[in-house]
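Worksheet for the structure shown next.
Since we're looking at a predicted model, the values are computed, not measured. Any value given below was found using the heavy atoms of this structure, including those in side chains, with hydrogens, waters and symmetry copies removed. When a ligand or atom number is given, it counts from 1 through the structure's own listing order.
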Amino acid sequence: MLGPGSASKSVTCPYPGPGRGHPMLVLVGGFPICAFCCQSCILLVTHVTFKSIQTFEELSETFGRGEVIYDDDRVVVGHPVGHRGGAPVDGHAALVQGPPQLLRHVVRTQAVLQRQVELVAGNKIHKAGFFPGYVAVGLHVEHRSQPLPPQTVLLPQGHGHRLQQVIQRGQPLQGQRIVRLPAKRGSVVEQPDSRSMGEEVVIHGGLFVEQCPGLVAETREWRLICPKVCPIKDDGCSPLVHLDLSRSNSRLLAEQLQMAGGCGTVDAFRVTREMWEQSSTPPEENGQLLVDAAVSVARSSVKSTLVGHLVWRPCWVGGNMISGKSLLLKVILLGDGGVGKSSLMNRYVTDRFDSQSFHTIGVEFLNRDLEVDGRLVTLQIWDTAGQERFKSLRTPFYRGADCCLLTFAVNDLQSFQNLGGWKKEFMYYSDVKDPDRFPFVVLGNKVDMDQREVGGDEARAWCEESGCCPYFETSAKDDTNVTAAFEAAVREVLAAEDQIDHALLGSTIDLHGNRKTSRGSCC
Ligand SMILES: Nc1nc2c(ncn2[C@@H]2O[C@H](COP(=O)(O)OP(=O)(O)OP(=O)(O)O)[C@@H](O)[C@H]2O)c(=O)[nH]1
């Protein structure tokens, strides 16, 4: 552990952009963020009782395996923590904006932290953390060794009290009870966590939101917390719950929640991009009770999901369609680090290839609209970090995927041999309802390379053995088969959904037989 005045660990920013080469802030979640890239906005993650933190050293000790890094002009930070109980990051996160010096003080004493947190609660945050762990903004949480569920969103102190007034069937948020909000989605979890460590959590004004990949996004004027970014499913309710929590519109939020208490359909507060960009007025003051919004995180110029900015996509929620008439499908790219997942996604969406791309941290996604067999689709492509050390950052995002693109590089035998492991990991974390019918597509990338270690026949044989998934040999570099592969993914999903539709309509479906046709080159 480093103490005050000791040299900071030298981590420099590898990302393209203004911060490149500058020291990184190593976050307590293990995420490095460059002060230049993210404009002095710092994501501070702790899983400790803030009250108990007096010094960096204590912070560090609390983190156990962590280290605390700081020097005179750079900020803190600790490294946790590792993972307890399999949680991505056992902690709460507070987004803290301010100069490093302030942050240092913030961490030094709980009182200051509290103040800063209040500042945060006062909508001072301007960056988003795309963060698969616990996210709490402006929180006041007493954390008694109890890791909260991942993707928990805690509302700042004060909001809980207001919410409790309107959550009729719930219990007070204040104190030791955790409220159950009887909404289908975005519901409050009654038990703190399946990974409960048996100790209680005391929340002072908070709201648990259902476990799902979380996005806490900020804000010039208001805070918006959406616990899940897509996909939108035709299951009669929206998986999106966007809660606009600005002070001034908490009344509307309250009303919305109240309604939700009855019918379980809090959907979303709509925040249009224009509103976001142009207006400093919270939506409520525009007289709108807003629904129908989805959010996507635009790929920022920085290859980090942590500092992505937000783009708003109007869509339907509570139905199955978005963007007017387009179906949103989430596909996820999995495979070893360096096989070319990001490159494939970028080639497909932006038609660019970067010969020196950086490893992905966590996940990122890009959308592309396309038409397949007469159907309009918005393909949401999730690119994941293939490196083992990022496992806990990517796995929370498997849920809700409609198709999985298992990727290897044809010049890397090991990446091919690992495909089975990737499939297993996906099945384990994605929680798909019908594993036997879940659509996979296999991509053998980098076919432009001379030194092949995996033959096409070998790969096709694997695909056949693994449920006869389509196989495509691609090159993100040369743009070989990239479009075909993504379109195949869409066809796989549509075919799978058609099958379900038929089943629902009473048509016969061969539950034990082979999967549908319309496949790629494998079968
Ligand atoms: N020759 C060739 N190189 C490629 C191709 N696709 C990607 N690359 C290169 O392979 C390297 C890794 O590519 P990425 O797209 O970052 O790989 P990734 O799978 O996203 O890696 P992680 O983010 O670590 O999981 C980069 O240097 C790319 O330029 C390809 O089709 N052909």
Side-chain angles (χ1 to χ4, degrees), residues 13-17 20 30-33 88 130 132 297 299-308 331-366 368 380-398 401 404-419 421-423 425-426 429 440-456 459 471-486 488-489 521:
C13 177
Y15 303 124
R20 191 178 183 112
F31 302 106
I33 280 190
F130 195 28
V297 179
R299 183 183 174 79
S300 66
S301 55
V302 177
K303 189 175 178 180
S304 162
T305 51
L306 295 169
V307 289
V331 301
I332 189 156
L333 282 156
L334 296 186
D336 281 9
V339 297
K341 298 180 296 298
S342 307
S343 303
L344 286 162
M345 176 177 76
N346 288 324
R347 169 59 79 188
Y348 184 59
V349 177
T350 65
D351 198 21
R352 282 197 218 122
F353 176 75
D354 179 359
S355 58
Q356 296 199 324
S357 67
F358 294 96
H359 285 296
T360 304
I361 299 169
V363 296
E364 23 184 68
F365 72 79
L366 288 178
R368 177 169 162 179
Q380 186 170 83
I381 303 163
W382 288 67
D383 171 31
T384 60
Q387 292 180 306
E388 180 58 23
R389 65 194 166 120
F390 295 127
K391 178 173 177 179
S392 60
L393 300 185
R394 63 178 178 252
T395 51
F397 296 91
Y398 294 0
C404 177
L405 300 172
L406 297 170
T407 311
F408 70 97
V410 295
N411 64 339
D412 177 358
L413 179 61
Q414 188 62 54
S415 70
F416 174 66
Q417 290 169 341
N418 290 342
L419 281 187
W422 284 106
K423 189 172 178 186
E425 180 178 298
F426 177 78
Y429 289 98
F440 286 93
V441 174
V442 176
L443 310 184
N445 191 40
K446 303 196 186 181
V447 285
D448 58 278
M449 303 276 284
D450 289 336
Q451 309 86 357
R452 264 188 94 125
E453 292 185 1
V454 185
Y471 173 61
F472 288 87
E473 302 219 318
T474 59
S475 166
K477 187 178 178 191
D478 294 352
D479 198 9
T480 304
N481 264 340
V482 178
T483 302
F486 283 106
S521 57

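At least one N/O-N/O distance between Gly338 and ligand 1 falls below 3.5 Å. At under 3.5 Å, a nitrogen or oxygen of Gly340, whether backbone or side chain, sits near a nitrogen or oxygen of ligand 1. Ligand 1 has a nitrogen or oxygen under 3.5 angstrom from a nitrogen or oxygen of Ala476. Close N/O approach between Val339 and ligand 1 is found [any backbone or side-chain N/O within under 3.5 Å].
The shell of residues lying under 4.0 angstrom from ligand 1, judged by heavy atoms, excludes Asn346. For the pair Asp478 and ligand 1, no heavy-atom separation below 4.0 Å is found. Ligand 1 is approached by Ala385 to a heavy-atom distance shorter than 4.0 Å.
Residue nearest to atom 11 (C) of ligand 1, selected from Lys341, Arg347, Lys446: Lys446 (by heavy-atom distance).
The distance from atom CE of Met345 to atom CD1 of Ile332, rounded to the nearest 0.5 Å, is 11.0 Å. Residue Leu419 holds its CG atom at 10.5 Å from CD of Gln414, rounded to the nearest 0.5 Å. From Leu334, atom CG reaches atom SG of Cys404 across 4.0 Å, with rounding to the nearest 0.5 Å. Here Asn418 contributes atom CG and Phe408 contributes atom CZ; the two are 11.5 Å apart, rounded to the nearest 0.5 Å.
Every atom of ligand 1 is numbered from 1 in the order shown, and the set under 4.0 Å from a heavy atom of Thr384 is 25 (O). Taking a cut-off of under 4.0 Å to the non-hydrogen atoms of Asp354, the atoms of ligand 1 that pass are 28 (C), 29 (O). Close approach of ligand 1 to Asp336 (heavy-atom distance below 4.0 Å) involves ligand atoms 19 (O).
Look at Lys446 and Glu453 and you find no salt bridge, because none of the NZ, NE, NH1 or NH2 atoms lies under 4.0 Å from a carboxylate O.
Remark: the Thr474 side chain and the Asn481 side chain contain no N/O donor-acceptor pair separated by less than 3.5 Å. In this structure, a donor-acceptor pair under 3.5 Å is absent between the side chains of Thr407 and Asn445.
Neither the backbone nor the side chain of Thr407 has any atom closer than 4.0 Å to an atom of ligand 1 (non-hydrogen atoms only). By the criterion of a heavy-atom distance under 4.0 Å, the side chain of Asp448, and not its backbone, is placed next to ligand 1.
Phe426 and Phe440 have perpendicular rings, their planes meeting at more than 60° on a 0 to 90° scale where under 30° would count as parallel.
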